[in-house]
Amino acid sequence: MLNENLLIDSITKYNPATNKDLINRAFVIAEIAHQNQKRRSGDPYISHPLEVAKILTEYRLDDSTIITALLHDTIEDTKLTLKEVRGEFGEEIASLVDGLTKINKYSLKVKNQKFGENYKKLILATTKDLRVILVKLADRLHNMRTIQFIKDQNKKT
């Protein structure tokens with residue numbers, strides 16, 4: 001399994017000026033926030049945001065995007081608040097994390113709405129910053145890579 005040091009090493013290869021301390025702090029905060037959660041595979045939940053961040057490093061994305069990937073499920077799935085994220089990481093990252101939380105509200109799981117209408121809302125929700133949609137796509141990609149752990153009736157969503 002990937003760890004935060006390998007993640008930071010891969011970012012440093014394309015961005016020697018990366019803020020290692022800030023990325024490490026995001027990892028630690030996400031790890032603590034998700035400490036009692038497991039993936040359906042049995043892996044610690046932190047493995048998911050770490051893998052999402054890794055996907056984004058393959059596209060050489062900036063520190064803020066990588067940090068957002070590490071924190072992308074914290075507001076929705078843990079006790080961490082947007083105010084705390086803003087206090088720790090500033091307005092830019094808080095805005096990106098908030099954008100992801102809003103996208104999840106427009107999830108394709110919403111009943112009684114047309115499939116295309118949800119994509120329209122997804123795109124509208126991300127017009128402020130394309131990085132939000134890039135993190136969401138990396139999130140979906142990692143979920144698809146681990147789809148074998150999802151029950152058959154849930155694989156369609």
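- For I75 against T81, the heavy-atom pair with the smallest separation is CD1-C, 3.3 Å.
- Interatomic distance, I29 CD1 to L70 CG, rounded to the nearest 0.5 Å: 10.5 Å.
- With 3.5 Å as the limit, one finds a donor-acceptor pair spanning the side chains of D62 and T65.
- In this structure, R140 CZ and R145 CZ are separated by 15.0 Å, a value rounded to the nearest 0.5 Å.
- When all heavy atoms of I23 and T18 are compared, the pair lying nearest together is CD1-OG1, 3.4 Å.
- Across every non-hydrogen atom of P49 and I46, the tightest pair is CD-O, 3.3 Å.
- The NZ atom of K54 sits 7.0 Å away from the OG1 atom of T57 when rounded to the nearest 0.5 Å.
- A distance-only check finds no donor-acceptor pair linking the side chain of Y14 to the backbone of E58 [under 3.5 Å].
- Side-chain atoms of E4 do not come within 3.5 Å of backbone N or O of V28 as any donor-acceptor pair.
- The ring of H34 has its center no closer than 6.0 angstrom to the ring center of H48.
- Atom CG of residue N24 and atom CD of residue E31 lie 9.5 Å apart, to the nearest 0.5 angstrom.
- Nearest heavy atoms, K20 versus I8: CG-CG2, 3.5 Å.
- The shortest distance between side-chain heavy atoms of H72 and V97 does not fall below 4.5 Å.
- A side-chain donor from one of D73 and Y45 sits under 3.5 Å from a side-chain acceptor of the other.
- Taking each heavy atom of A33 and T78 in turn, the nearest pair found is O-CG2, 3.3 Å.
- For the pair E92 and R131, the salt-bridge criterion is met [side-chain N within less than 4.0 Å of a carboxylate O].
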